[in-house]
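In what follows, a single structure is set out as structure tokens and then discussed.
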Amino acid sequence: MTTRVRIAPSPTGPLHIGTARTALYNFLHARNVDGTFILRLEDTDQVRSTVEFEKDILDGLHWLGLEWDEGPEVAGEPARGPHAPYRQMERLPTYAAAAQRLLADDLAYPCYCTLEELEADRRAQEAAKQAPRYVGRCAHLTPDERRAREAEGRRGALRFRVGEGVVAFDDVVRGRVEFDVSNLGGDFVIVRADGSPLYHFTVVVDDAAMEITDVIRGEDHLSNTPKHILLFRALGYDVPQFAHLPLILNPDRTKMSKRKSQTAIDDYIAQGFVKEALVNYLALLGWSTGTEEEILPLDELVKRFDIKEVHKGGAVFDRERLEWMNGQWIRRLSADDLIDRLRPFVEAELVAGRIERVPSDEELRALLPVIQERLPTLSSIGDLAGFLWVGDVDVDPAMLVPKRWDIATAKDAVAAARETIADVGAVSFEADELEPPLRALAEERGWKAGDLFMTIRVAVTGRTATPPLFDTLVALGRDRALARLDRALAVLEGA
RNA sequence: GCCCCCAUCGUCUAGAGGCCUAGGACGCCACCCUUUCAAGGUGGAGAUCAGGGGUUCGAAUCCCCUUGGGGGCACCA
């Protein structure tokens with residue numbers, strides 16, 4: 001039998017790091033065993049679900065390169081796969097039929113308890129320091145009693161009878177796990193009073209309908225698994241294999257949350273992380289190849305992935321390590337690819353008013369040799385080279401004067417450098433033609449070359465940390481370099 | 001409160017009884033390279049393998065207990 005796995009996000013928020021990691025592990029496993037990767041939207045929480053979030057999630061998974069084999073229709077494209085629809089709100093009749101079967105077999109029953117009654121039960125249990133559970137008030141209503149309540153206009157929610165006994169299963173990552181049914185919290189609701197089905201129910205009906213063989217999900221679902229198994233059995237379905245992944249954690253080791261960490265994939269994209277780095281980093285959060293190699297592309301991860309080697313313990317999300325990995329991947333991108341990916345970030349700089357014009361592809365390409373290894377993220381392009389794409393830069397006179405110098409020396413140096421650079425540029429303007437005369441100038445005046453270079457650097461860029469000076473001067477062009485030196489001199493005069 | 005899960009450097013991890021006086025990576029600190037910043041290279045600090053009992057000739061690795069941490073217990077997913 002071919003392996004079928006699924007990722008089943010709820011469109012109640014933007015694509016979360018945890019969902020992306022779960023999707024990735026499902027994808028890696030599916031591709032590793034040549035199985036099928038299915039996407040299903042669990043949108044039964046009509047209050048919180050939105051089409052915007054749905055689009056965000058789909059776009060994010062697509063951006064990461066996690067293509068699904070079966071999934072819902074999106075953006076005019078028809079649904080893929082034999083089990084459509086793949087959006088739960090479009091599968092209501094399926095759940096209704098399953099609910100009807102359970103009701104007919106008395107495996108489920110209508111519950112007329114009001115929310116107030118249930119809330120009161122919970123409070124009483126809490127006061128008595130007992131575990132919250134449904135007390136079973138409606139578990140054994142006679143047909144007459146049910147009719148009486150219906151006649152009062154009360155609508156029953158449907159509760160599933162959990163029965164008693166022990167539910168055990170062999171989790172692929174955790175091994176054998178057992179739960180006593182008495183600890184499940186009593187009979188649980190599978191269909192709301194308004195007729196809409198609930199998660200525990202739809203997930204089982206759909207996993208069965210879509211013939212899911214391996215349910216790979218977060219550890220937060222481990223305690224829910226016995227409920228699901230009971231439902232699979234009650235409905236006469238085969239129980240799939242389960243694999244519960246370790247949670248991704250906040251620095252304080254609680255489940256990663258928006259409150260304490262940056263969780264939206266969107267934000268990582270906006271901050272200039274590349275998909276290769278995110279995928280690579282996430283893959284290694286909770287699993288390792290067993291070797292010391294760690295920079296691995298998606299296809300290589302697929303080859304080496306083994307769901308049985310996934311760790312049991314949660315892993316703290318370490319942004320510093322992600323950033324390092326992002327740098328590793330940026331350095332591995334081809335010139336064309338990097339230029340394409342840089343483009344939106346350069347444009348964002350323009351929109352933000354931090355630069356005044358957008359460089360051409362050729363300008364960016366010429367810069368790549370000196371900026372590629374200096375970009376921790378794509379978004380750092382502005383900080384790194386933005387001074388090239390503005391008319392003038394603000395220069396802090398204090399930064400123009402190296403520690404060993406006084407203002408007079410700095411003025412002298414800027415003026416002399418201006419002449420030297422002008423002389424070089426009169427013929428051509430190349431990095432290796434600029435360096436010798438400027439070094440000679442430093443030597444002649446008894447200046448440390450580094451001091452002279454720093455003064456020039458600040459004069460033409462306004463900053464102390466830049467790509468190599470001579471390449472920077474070339475990128476700026478002779479005229480603009482000279483103009484900025486003139487301006488720096490004026491700044492010093494005024495200081 | 002009840003149930004379940006987990007436990008190697010600050011963090012991600014290697015380790016499936018002797019190869020471990022515990023290896024790698026991120027971060028940190030030095031040094032090298034160097035016009036700044038990076039990148040790269042070299043080296044260093046950093047874990048009595050949570051603690052305690054067993055089993056064994058021998059345990060980070062197996063068992064038990066304790067402690068600690070986490071997750072779940074909705075007419076949310």
Side-chain angles (χ1 to χ4, degrees), chain A residues 8-10 12-13 42-45 47-49 111 113-115 118-119 122 125-134 155-159 171 174 177-180 182-186 188-194 196-200 202-203 218-227 244 246-247 249 251-255 281 284-295 311-325 327 331 370-376 384 435 438-439 442 448-454 456-458 461 463-470 472:
Chain A
S10 277
T12 54
E42 307 212 325
D43 55 353
T44 54
D45 183 344
V47 177
R48 295 190 299 151
S49 296
C111 168
C113 295
T114 63
L115 265 21
L118 296 172
E119 180 55 32
R122 254 192 301 274
Q125 286 157 348
E126 193 179 338
K129 293 207 180 293
Q130 287 172 340
R133 73 184 342 262
Y134 176 59
R155 301 284 310 278
L158 196 63
R159 276 188 193 272
D171 190 280
R174 271 143 226 283
V177 182
E178 297 185 355
F179 286 85
D180 195 305
S182 65
N183 291 314
L184 257 30
F188 58 93
V189 176
I190 55 175
V191 179
R192 293 184 182 91
D194 70 4
S196 61
L198 256 10
Y199 167 75
H200 293 308
T202 57
V203 74
E219 187 194 329
D220 45 353
H221 285 296
L222 190 60
S223 313
N224 294 149
T225 304
K227 291 181 184 171
H244 287 92
L247 259 21
L249 276 20
D252 63 5
R253 306 201 73 88
T254 52
K255 182 164 72 164
Y281 179 72
L284 264 25
L285 245 202
W287 169 74
S288 94
T289 60
T291 70
E292 285 177 358
E293 298 154 278
E294 43 190 3
I295 303 300
H311 307 153
K312 297 176 182 171
V316 173
F317 188 87
D318 181 2
R319 190 190 168 94
E320 302 246 38
R321 191 169 151 81
L322 205 214
E323 282 181 9
W324 166 77
M325 201 165 262
R331 272 164 239 139
V370 293
I371 64 171
Q372 189 157 10
E373 66 190 22
R374 277 166 239 269
L375 288 170
L384 192 61
E435 182 163 2
L438 284 169
R439 281 196 185 278
K448 285 253 192 191
D451 288 342
L452 205 220
F453 295 168
M454 182 54 84
I456 299 172
R457 167 178 291 109
V458 171
T461 69
R463 36 200 357 174
T464 53
T466 71
L469 181 60
F470 309 110
T472 299

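Computed over heavy atoms, backbone and side chain alike; hydrogens, waters and symmetry mates excluded. Letters A, B, ... are given to chains in the order of the sequence lines, protein chains preceding strands, and every chain is numbered from 1.
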Does a nitrogen or oxygen in the side chain of A:Arg321 sit under 4.0 Å from OP1 or OP2 of B:rG27? no
Send over the distance from A:Phe179 CZ to B:rC5 P, rounded to a whole Å. 7 Å
Watson-Crick or G-U counterpart of B:rC73, or none if no pair lies under 3.5 Å: B:rG1
At less than 4.0 Å, is any side-chain N or O atom of A:Arg253 found next to OP1 or OP2 of B:rC12? Yes or no. yes
Salt-bridge present (A:Arg155, A:Asp194; N to O < 4.0 Å): no
For a quick test of reading the model: is some side-chain N or O of A:Arg331 closer than 4.0 Å to OP1 or OP2 of B:rG40? yes
Let's test your reading of the model: under 3.5 Å, does the base of B:rC76 pair with the side chain of A:Arg48 as donor and acceptor? yes
Per atom distances to the A:Ala131 side chain, the nearest of B:rC2, B:rA77, B:rA74 is B:rC2
A:Phe317 has an atom CZ; how far is it from atom C1' of B:rG10, in whole Å? 17 Å
For B:rA45 and B:rC57, measure between their C1' atoms and round to the nearest Å. 36 Å
Looking at B:rC2, B:rU36, B:rG71, which one has an atom nearest to any side-chain atom of A:Asn183? B:rC2
Indicate, with a heavy-atom threshold strictly under 4.0 Å, whether A:Pro226 touches base, sugar-phosphate, or nothing. nothing
Between atom CE in A:Met325 and atom P in B:rA39, what is the gap in whole Å? 15 Å
Applying a 4.0 Å non-hydrogen cut-off, can you work out what A:Glu323 is touching in the nucleic acid: base, sugar-phosphate, or nothing? nothing
Residue-phosphate contact under 4.0 Å: A:His200 side-chain N/O, B:rA74 OP1/OP2: no
With a cut-off of less than 4.0 Å, is there a side-chain N or O of A:Arg192 near OP1 or OP2 of B:rA77? yes
Base, sugar-phosphate, or nothing for A:Leu469, non-hydrogen atoms under 4.0 angstrom? base
How is A:Ser10 classified with respect to the nucleic acid when contacts are heavy atoms under 4.0 Å: base, sugar-phosphate, or nothing? sugar-phosphate
Note, A:Arg321 side chain near A:Glu294 side chain (heavy atom, < 4.5 Å): yes
Is any side-chain N or O of A:Ser223 under 3.5 Å from a base N or O of B:rG71, one able to act as donor and the other as acceptor? yes
Counting only heavy atoms not in A:Gln130, do more than 12 fall under 6.0 Å of its CD? yes
Considering only the P atoms, how many Å lie between B:rA39 and B:rA7, rounded to the nearest integer? 34 Å
Rounded to whole Å, please give me the gap between CG in A:Asp220 and P in B:rG72. 6 Å
Counting the atoms with a prime plus P, OP1 and OP2 as sugar-phosphate, which does A:Gly286 contact under 4.0 Å by heavy atoms, base, sugar-phosphate, or nothing? sugar-phosphate
Expressed in whole Å, how much space separates the C1' atoms belonging to B:rG24 and B:rG46? 14 Å
Backbone N or O of A:Phe470 within a donor-acceptor pair of the A:Glu435 side chain at under 3.5 Å? no
What distance, rounded to whole Å, do you find between the two P atoms, one in B:rG54 and one in B:rA16? 26 Å
Taking only the P atom of each, what is the distance from B:rG69 to B:rA30 in whole angstrom? 36 Å
Sticking with atom C1', work out how far B:rC19 lies from B:rC12, rounded to a whole angstrom. 25 Å
d(A:Asp43 CG, A:Thr202 OG1) to nearest 0.5 Å is 9.0 Å
Which part of the nucleic acid does A:Leu285 contact within heavy-atom distance under 4.0 Å: base, sugar-phosphate only, or nothing? sugar-phosphate
Rounded to whole angstrom units, what separation is found between the CH2 atom of A:Trp324 and the P atom of B:rA25? 9 Å
Assign each of A:Gly314 and A:Leu384 the nucleotide of RNA chain B bearing its closest heavy atom; nearer the 5' end lies the nucleotide of A:Gly314
Think A:Thr44 has a side-chain N or O under 4.0 angstrom from the OP1 or OP2 of B:rA77? yes
Now, which nucleotide makes the Watson-Crick or G-U wobble pair with B:rA47, with each of the two distances under 3.5 Å? none
By the Watson-Crick or G-U definition, both distances under 3.5 Å, B:rA59 is matched with none
Taking pairing as Watson-Crick or G-U wobble with both contacts under 3.5 Å, can you name the mate of B:rA16, or confirm there isn't one? none
Counting any heavy atom closer than 4.0 Å, what does A:Leu118 reach on the DNA or RNA strands: base, sugar-phosphate only, or nothing? base
Pick the P atom in B:rU13 and in B:rC76, then give their distance to the nearest Å. 35 Å
Answer with base, sugar-phosphate or nothing: what part of the nucleic acid does A:Phe470 contact at a heavy-atom distance below 4.0 Å? base
If you assign each of A:Arg174 and A:Thr291 to its closest nucleotide in RNA chain B, which residue comes earlier from the 5' end? A:Arg174
Rounded distance (Å) that lies between atom P of B:rU13 and atom CG of A:Leu249: 10 Å
With heavy atoms under 4.0 Å as the rule, sort A:Ser288 into base, sugar-phosphate or nothing. sugar-phosphate
Side chain to side chain donor-acceptor pair (under 3.5 Å) between A:Arg192 and A:Ser196, intermediate numbers included: CA-CA 5 Å; A:Arg192 293 184 182 91; A:Ser196 61; 2.9 Å; yes
For A:Ser288 and A:His311, test the side chains for any donor-to-acceptor distance below 3.5 angstrom and give the result as yes or no. no
Please classify the nucleic acid contact of A:Ala315 as base, sugar-phosphate, or nothing, using heavy-atom distances under 4.0 Å. sugar-phosphate
In whole Å, what is the span from the CZ atom of A:Arg374 to the P atom of B:rU35? 13 Å
Closest approach to the side chain of A:Asp45, judged atom by atom: which nucleotide of B:rC6, B:rC76, B:rG71 is it? B:rC76
Return the nucleotide paired to B:rA25: Watson-Crick means purine N1 to pyrimidine N3 with N6-O4 or O6-N4, wobble means G-U with N1-O2 and O6-N3, both under 3.5 Å. B:rU11
Would you classify A:Arg457 as touching base, sugar-phosphate or nothing, given that sugar-phosphate means primed atoms plus P, OP1 and OP2, and contacts are heavy atoms under 4.0 Å? base
Rounding to an integer number of Å, can you tell me how far A:Leu222 CG sits from B:rC2 P? 19 Å
Side chains of A:Thr12 and A:Ser10 only: does a donor on one sit below 3.5 Å from an acceptor on the other? no
Measure from the side-chain heavy atoms of A:Glu373 and tell me the nearest of B:rG71, B:rC12, B:rA39. B:rA39
If the cut-off is 4.0 Å, is A:Lys227 near the phosphate of B:rC73, judged by side-chain N/O to OP1 or OP2? no
Report which part of the nucleic acid A:Asn224 touches: base, sugar-phosphate, or nothing (heavy-atom distance under 4.0 Å, all strands). base
Would you compute the distance between atom CG of A:Asp451 and atom CD1 of A:Ile456 and round it to the nearest 0.5 angstrom? 11.0 Å
Cation-pi geometry met for A:Arg159 and A:Tyr134 (6.0 Å, 45°): yes
Short side-chain N/O contact to B:rC73 OP1/OP2 from A:Arg133, under 4.0 Å: no
For B:rA77, take OP1 and OP2 only and decide whether either is under 4.0 Å from a side-chain N or O of A:His221. no
Taking the C1' atom of each, how far is B:rG43 from B:rC33, in whole Å? 15 Å
Contact class for A:Pro468 (heavy atom, under 4.0 Å): base, sugar-phosphate, or nothing? base
Which of these nucleotides, B:rA25, B:rC76, B:rA74, is closest to any side-chain atom of A:Arg122? B:rA74
